[in-house]
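Below, all heavy atoms of this structure are taken into account, side chains as well, without hydrogens, waters or symmetry copies.
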Amino acid sequence: MKQENIRNFCIIAHIDHGKSTLADRILEKTHALEKREMKDQLLDSMDIERERGITIKLNAVELTYQFQGEKYYLNLIDTPGHVDFSYEVSRSMAASDGALLVVDASQGIEAQSLANLYLALDNNLTIIPVINKIDLPNADIAKVTKELENLGFSKEDIVYTSAKTGEGVDTLLEKIIKVIPAPKGDLNKPLKALIFDSIYDPYKGIITSIRVFDGQIKTKDIITMMHTDASYEVLSLSINTPHEKEVSVLNAGQVGYLYASIKTIDDVFIGDTITLKENPTEKALQGYKKITPTVYSGIYPIDSSKFEDLREALEKLKLNDAALTFDPETSTALGFGFRCGFLGLLHMEIIKERLEREFNIDIIATSPSVIYKVKLTNGKEIEVDSPNKMPDKVKISKTLEPYVKMSIFTPKEYIGPIMELCQNKRGSFLNMDYLDEKCVTLNYELPLSEIVYDFFDKIKSFSKGYASFDYEVTGYKESDLVKMDILLNKEVIDALSLIVHKSFAYNRGKAIVSKLKEIIPRQMFEVPIQASIGSKVIARSNIKAMRKNVLAKCYGGDVTRKKKLLEKQKAGKKRMKMLGSVEVPSEAFLSILSSDEKW
Amino acid sequence: MVKSFYIHIPFCNNICSYCDFAKVYYNKNLVDKYLTALEKEIEKVYQNEVLDTIYIGGGTPSSLSLNETKRLFKILKKLKKSKRLEYTIEANFDSITSEKLDLYKENGINRISFGLESTSPKHLKFLNRSIDLTKVRNIINYTKSIGINNINVDLIYALENESIKDLSKDLDFILSLDITHISTYSLIIEEHTKLYLDNVKNISEDKDFEMYEFIKDKLKKNGFNHYEISNFSKDGYESRHNLSYWNNLEYYGTGVGASSYIKDKRYTNTKSLTKYLEKSFIKEEEILTLDDKCIYEIILGLRKIKGIDKNEFSKKYNSTIYEKFDIMDLLDKKLLCEDERYLFIPEDKLYLENEILLSFIGGSSSGKE
């Protein structure tokens, strides 16, 4: 395989602009798969990905395409689209030489189209702009072309496709070969390869995805991970076509999978450089930008004996999700669990679902929190990522919370409600740009904690789904924050505590109390629910005592059935957690997020 | 030693909207075949024990004609009866006649359980029943006149749109009959019933509770003892047959859908009349471990107001109730009480019976080993 016949590229797009469908069509055009093997969004191998229609984990596949009598090898590296995963996008980019910027012909440029484009330019990738979904009746090709021109692309460079019908895909493939540069590695230099992903396979163990920049890697080579300094023998190498195909060697420019019976998860560091133990490269590749979690939540097994299982599961997830962090923590209410850090709410939800589905552990996640900074009266400053680490009021001199710069792209008819929303989320208006006569970018500065709460749902509902947003954390600002406790049957339930802005405390307390009243079933005694700040109760309600609760009928001597009924009811209680003397369904912990507050 | 015997007669002239027992419309041809099968089953299972209680239930046993009833009693002649036999038959006011009552008396019946369920036309319609209250009064009087004085009447409450006033009227009528036993059942909407298919919903938990308290109060004021969650009787007129269930004693159950408890097994007969007529009687068998028996003792025994006899428990299961179950928490919370001899649910917590039983079932808070 000649290096000049290899093209490594990724696809970037705003969520739902047809990235995965376009990848499917490319697979079909390059005959990587028979038609009968095609299922929608083939690269999205996880169930959750296919169900939610979003790509979470990247995936690399090698395709072959004949062009002007030459055989080309195209490595397509899939990327996720959601704002929470820009971190993974940057991983895909580090392994690529070019990127397809896919824009929906009916939606035009959106928040993440831009964010990803800038990321790609930062990574020195060659960009091919693609206007997709041109078959849609409401496609506005002229408008979107104009938008791309405004971003500095020339009209001739734009490729028009319909991933649905396949139109334009051949043109696109030719463009990839013509425009995206071939890798420029030196086969004769010592091995230099980038780990850009890794997964845990229940049968094989740890498998890493690598891009070879210089030299070559062969089976039985002894390799060293430059960052962790761990050495292993290469047991096998493979490429994904998308059927797994074993190969004996990967040369400079190639992308593939490496299996080396790596025992310790800690030895694999995504972004690390692999070289040969005997003939190492001098300098490691520059690892891509590391992204730190912005949202924290406590994750606890419902069954406390599953603590170690939970630890193992989190370790396995972390393997290809370096952005996930976790540290053990204890809760009076929930026992032993982990304080986990996530890139955002979607990331958190996906981790929760994977824990339940792939590892079969029933979990409780506590209400998410951002990292607050607290200046103490003794002059020290501490970081608080959990309401329960909030020091006593008398020891606090001031509290600070993280702020973001938020860019919201919206058709102009929704400007009013969106500005109102931002205002109510304690946002301050920065400026407004018209992208064209119909679309605007609103720039706001907002506290991150308000976005974590329910911003995504609200903005989507206020704009009938049309608005999109992207944000970056800009720094900390002083803010009047208080810790609010929730009491069940007069006991503080630490797992339900939260940090709120003082001016919102009353409304949020009321909303949470009424939501809990709805979710917690009647108990054998009346249970007061209270929200309090310090010793002051700011909202209260009661869960009524259980009333008639008798399996009244018991004649004919059919008691076997009654026993079965009781056993069934008992099994139904398995998803309940005893908090003090109150049985609480696991959903209660997140209800705090979705309480029907007006703002 | 088995001392109780149940016989199920599945025939009805009318199907009530709430009923999920094994039942079919009355059909002369089927009755004949059914009695033949029943005779076979009794011959097969009965080991000639002397019986203290016999109970003919249904369905509607009084739907059988005079001749069919005669044949039934002839079959039951084979059962050995003790001197203190309680011999009950269920009857319905529509199908009962003075001739049938005479026949019952001749054959030793000494207790009759009548299904009344309600007195209001609106609620009877909801239950898909009809009743003439004058006829009810006449039948009860006739029953007493021939010397059958142990009489039960069934009442169903917690019906859609039922008020406390409606309930009070029902109870007044039943009390005016001057009988010895009253069973009151809160409506359960079971799957495979007309009510379920009609998507009828239960009344509120609070209303149900209020009605239960009202019944307990009213019946107690009128000289009835509350001796089991749903049952009330005059002194000495507790249903001995039903008490044998609640005391977790063995019993035979014959007929379609009936259940039995013999030695270490609980059996449930098929609910399919076709299968029953083909003489494949038993559908399910549950082999009981010692722990299973203890759980049944609790599920059944705590239905009694008096509760579970702790000495009896130790004798039956060779270990004390405290060794078998961790009940300290329930005692602390006053969800269970005890005296020298009995362990019981206090009167004011009876309505929580189901929830209390749940803490004995499986999982963390149950049985020590």
Side-chain angles (χ1 to χ4, degrees), chain A residues 301-307 333-335 362 488-491 517-518 520-527 542-586, chain B residues 4 6 8 21-22 55 57 158 183-188 190 204-212 228-230 241-242 244-246 248 251 253 257-261 266-268 284 286 292 295-296 299-300 303 333 335 349-364 366:
Chain A
I302 292 187
D303 175 354
S304 37
S305 66
K306 292 269 173 90
F307 175 74
L334 300 175
D362 286 337
L488 287 181
N489 207 24
K490 311 238 160 85
E491 284 174 58
K517 183 185 172 179
E518 208 177 283
I520 301 175
R522 290 181 176 207
Q523 313 277 317
M524 286 197 266
F525 46 89
E526 191 174 78
V527 179
N542 281 321
I543 301 167
K544 285 207 242 169
M546 186 184 283
R547 286 312 204 173
K548 191 65 183 308
N549 178 246
V550 170
L551 287 169
K553 227 166 60 166
C554 184
Y555 30 39
D558 187 3
V559 296
T560 314
R561 178 166 166 232
K562 188 178 313 293
K563 184 165 155 252
K564 281 184 195 157
L565 261 171
L566 285 166
E567 280 161 357
K568 203 171 134 194
Q569 287 182 8
K570 185 77 179 190
K573 285 184 181 266
K574 285 258 160 71
R575 282 195 62 88
M576 304 274 239
K577 188 88 191 169
M578 282 303 277
L579 296 186
S581 47
V582 185
E583 269 179 341
V584 180
S586 55
Chain B
S4 296
Y6 176 82
H8 191 78
F21 282 95
Y55 195 107
S183 299
T184 62
Y185 299 109
S186 151
L187 179 72
I188 296 177
E190 304 274 6
S204 79
E205 218 175 312
D206 296 298
K207 188 85 175 287
D208 197 331
F209 174 74
E210 197 189 336
M211 289 185 154
Y212 186 56
E228 190 263 0
I229 285 188
S230 310
H241 182 82
N242 285 334
S244 75
Y245 299 149
W246 301 322
N248 202 21
Y251 56 92
S259 16
S260 320
Y261 173 28
R266 284 190 178 270
Y267 303 87
T268 309
E284 266 180 62
E286 184 193 9
D292 290 334
I295 273 285
Y296 276 118
I299 295 177
L300 294 161
R303 294 185 68 89
K333 288 182 180 155
L335 293 167
K349 292 292 184 324
L350 263 185
Y351 68 94
L352 294 174
E353 190 230 18
N354 193 62
E355 201 64 21
I356 295 168
L357 292 184
L358 283 176
S359 49
F360 285 92
I361 304 281
S364 50
S366 99

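Distance check: A/K568 NZ to B/I361 CD1 gives 14.0 Å after rounding to the nearest 0.5 Å. The line from NZ of B/K207 to CZ of A/R547 is 14.5 Å long, rounded to the nearest 0.5 Å. Here the CZ atom belonging to B/F209 is positioned 12.5 Å from the CE atom belonging to A/M546, to the nearest 0.5 angstrom. Rounding to the nearest 0.5 Å gives a distance of 9.5 Å between CG of B/L357 and CD of A/Q569. Atom-to-atom distance recorded for A/E583:CD and B/E355:CD is 6.0 Å, nearest 0.5 angstrom. Within the model, atoms CG of A/L566 and CZ of B/F360 stand 11.5 Å from one another, a figure rounded to the nearest 0.5 Å.
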### Task
Test salt bridge (Lys or Arg N to Asp or Glu O under 4.0 Å) on B/E286 and A/K564 and set out the steps.
CA-CA 11 Å; B/E286 184 193 9; A/K564 281 184 195 157; over 6 Å; no
### Task
With side chain to side chain contact (heavy atoms under 4.5 Å, CB included) as the test, would you mind laying out the steps for A/K563 and B/R266 before giving the verdict?
CA-CA 12 Å; A/K563 184 165 155 252; B/R266 284 190 178 270; over 6 Å; no
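Taking A/E526 as the reference, nothing meets the salt bridge (Lys or Arg N to Asp or Glu O under 4.0 Å) condition, with sequence neighbours excluded.
Comment: A/K544 does not engage B/E205 in a salt bridge, judged by the lack of any side-chain N to carboxylate O separation of less than 4.0 angstrom.
When all heavy atoms of B/L358 and A/K570 are compared, the pair lying nearest together is O-NZ, 2.9 Å. Contact between B/Y251 and A/V559 at its shortest, heavy atoms only, is OH-CG2, 4.4 Å.
The number of heavy atoms from other shown groups lying within 6.0 Å of NZ (A/K517) does not exceed 12.
With a 4.5 Å cut-off on non-hydrogen atoms, B/E210 does not touch chain A at all. The part of B/L335 that comes within reach of chain A is its side chain, from C-beta onward, which places non-hydrogen atoms under 4.5 angstrom from that chain.
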